[in-house]
Each structure stands twice: as structure tokens, then as C-alpha cells.
Amino acid sequence: MNPLNSRRNFIKGSTLGLTATSLLWSQMGNSLRKGISEEGPHSQASDLKITGVRSAYMRGHGTHLFIKIETNQGIIGYGEGMDAVSGSAGLVKTMGDQLINKNPLDVNRLVEDVLRSGFFHGAQSGMYVAVLTAIEFALWDLAGKALDLRVYRLLGGKFRDKIRIYCDTASSRESPEKMAELAREVQGQGFTAIKFDLDWVQDPNKWDHYNRTANNAEIERMVSQMAAVREAIGPHMDLCADMHGRYDTTTGIRVANALQPYNMMWLEEPIPAENLDAYREIREHTTTPICLGENHYLAHDFREALEKKACDIVMPDLHKCGGIAEGQRIAYLAHLYYVPMAPHMVASPLGAMGACHCCAAVPNFLCLEWHWISRWDTWNKFIEEDPLIENGYIAVSDKPGIGVTLIEDAVKEFAIEGIPFFE
Ligand code: MG
């Protein structure tokens, strides 16, 4: 028997003529009531089946993978994966074939099935997890639409109504004065946190482009940039700096120490992602908070980082680390260590709102990245809804599923040539 129909009939039947039950009914949460009573294409949720999994690729901030999951009841879910998704169309097909005729409401089970089936095919990280992430987003979107519930509700509810965004800004090659000017502009737009890149591969002061050691001139450049920004924005706006994993352990320690007077919210990925013991060494030598996670996958990677005390802040990229529910698991894992989560995010508004549901549904959310300030108008074009960011925040959507409507034609303008577009 369809459990939803069964429960709905039970509740409807029991309310007839029963004042107390009617009162109880009126007091039930709006979302739950709607989820049970509203008829729609989702009225046979237990018979919902996946009939198609399609992909489209866009060149935006790197490569974006969009997933569209179709069902036998006309409900469609959209998801987005980032970064580690280039050249993955064949993998989408392989994973999609596994999902055909499955009920999309079993989100966690379907994800676990695909992960287990890929044990020998790289399911521990990288492209495999990133593609599955895009599918996972689409499954949550679909499940929410089918049940007429917001994704945050499916995750257990929300701790906050709006998500604080930090603005990722200029290239590291800008002068301190230019960085300060940009920081003031961002502050004027309502953002309460800002991030700059400090790594500069082509820095003319470098002695050697393969050696990861930053010399005195490079470190002076980094420090003067952050000093100028801190002076421009005042003491209270949060300031972060990213080194994109390009340096060595000693440089990480030197830069973290040199930045201590500027009260950074964090220093991000001073060294490559793989060696968590080296991260711990940096962290043990500075009071500047150390952030990692953009290049780590699944809760397993974060468990190790937390157990080794390798970071002060975890930064999963929710569009490649395993998805919305995996992000929630990572956040709660970090919460056990009193460590906050500040997700990396370069996705379109669809992915951004999906990430917001996760950020809303965990206690230790700190802030969410946004990386499109130089193309803000373009970013706003990808969904039907009004621009998401207002005064440095995104209000969590109250529409079913992820809660934004992707405009496929807008994505198509930036589609990567030679790859089928949702075919
Ligand atoms: Mg980064």
C-alpha cells in the first residue's frame, strides 16, 4: 500500500467531526500538512520512477555540470556539480542507467548504491564523487517537488532563514590600493565578509616556478595586500585569503604568522590538500585560523582532517564533495569538534540555492562563498526568480525542492560545444 496515501486517508478520515483532531490538524506544520494533503502530479509518490537522467555542460566559473532527472509522473529535478566534472558525460550515463526505474525519493539509498558500485572505479573522490554530487542535488530537488517540501525540511528543518554570503574578489596580481578599493565597494554592497587570492603563479619575484617556497618579496606582497584591505574595511568585516594549495609548509607558517595582525577569518589551503599532518603543523604554529576542504571529498576525508586537528574551519565544496546530505554529514561531524563549516561555492544560482538548504540545516554554518561579482548580471540570468543575493545574504527559498527554476536557454548560451545538451 502507498504509505503516503494510507496516511493521508487516515488523517482525513479521523478529522471528520472531531473538533480536537481538527485543532491538532490546524496546528500541524504547514509544510507537513501540504505534503500530505495537496494533490498534484506527486499524488502517487510510491509509484514515482526515474525515467531519464540527462546532462548539460556549461563554461561559467570553470565547468558546470547540470543534471536533469525525469520521472514517470512528469516531475523533474535539477542538480549541479562543479570543478571535477570535465569530460564526465560517459560517467553520467553509467550512473544514470543505474537509477532508471528507481524511486527518486530514496535519495540516500540511491547515492549509496552508486557509491558502492563504483568502489573499484574511483568512488572515493574526484570526478566520480563530483558527478554523483550533481545527481544527488537533482534527487533532492525531485524529492522536494514530489512531496511539496523544501529541501531543508527534508534535511530536518532549518536553523536560519537566510544564508550569509562572502564575496570572493580579485586576482592576487592587483595592487594593495586596488584591492582596498574593491574591498570598500564590496562592503558598500552589504557583504560582511570578503576573500582575496594571495597566490600568484606568475609573480615576477619568484625565483623558481616549481619550487613551492615563497620568498621574502612574495610574502611582503601578500602582507601589504591584506594590510591595505584591513585598513580599508575596518576591524569588523571578516577577511579571508586563499593560497590555492600552491606553497610549502614553511611558507604556510610564515604567511599565517605574518597575517596575524590583520585578524583574518581564515587562511585557506596554504599547501596542497593531501597531507593533513602538514596542515596540522601549520595550524600548530599560528593563531591565524586555517581552512581546508575545497579539494577533499566525502565525510571520510573530513573525518581524518578533524581527527588530526588539521584545520579550524571545514570548507567542503557542496557541488563536488558528495552533495547536500553529505555536506550536512560533514557539518555535523565538524560540529562534534566545535569546528564551523564555510562551504566553497562557485556554482550557478541553482547550485547556490541547493547549497543554501544545506547551510540552513546545520548548526555550525559560518558563511558561503560567492565568486561571480565581476559577472553578477550574468549569474542572475540562469534562473527565473529574482536575484538571490541581497545585502550579502541569500534568503532560503520557500518553494518546493531546491526552489529555483533553471532557465535552460540561459545555460545553453554558455554550453560547451560538442557535448549533447540535455539530450
Ligand atoms: Mg579556495
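Order of appearance sets the numbers: ligands from 1, and atoms from 1 within every ligand. Source: prediction; values computed, not measured.
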How many angstroms lie between atom [atom1] of [X] and atom [atom2] of [Y], to the nearest 0.5 angstrom?
X      : Y      : atom1 : atom2 : answer
Lys102 : Asp106 : NZ    : CG    : 9.5 Å
Ile76  : Lys145 : CD1   : NZ    : 7.5 Å
Trp370 : Asp168 : CH2   : CG    : 10.5 Å

Notebook entry, point to check: Which residues and atoms, protein N, O or S only, are under 2.8 Å from the Mg ion (ligand 1)?
Noted result: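 Sorted hits: Asp242 OD2, Glu268 OE2, Glu294 OE1.
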Checklist line | Heavy-atom closest contact (Gln98 atom, Asp113 atom, distance) | finding: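 Minimum heavy-atom separation between Gln98 and Asp113: OE1-O, 4.2 Å.
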Please list every donor-acceptor pair under 3.5 Å in which a side-chain atom of residues 403-423 meets a protein atom from a residue at least two apart or in another chain.
{"residue": "Thr405", "atom": "OG1", "partner": "Glu385", "partner atom": "OE2", "Å": "3.0"}
{"residue": "Glu408", "atom": "OE2", "partner": "Lys68", "partner atom": "NZ", "Å": "2.9"}
{"residue": "Glu408", "atom": "OE2", "partner": "Tyr78", "partner atom": "OH", "Å": "2.5"}

Next item on the list: Give a yes-or-no answer on whether the side chains of Asn295 and Glu269 include a donor-acceptor pair shorter than 3.5 Å.
Entry: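 Yes - a donor-acceptor pair under 3.5 Å links their side chains.
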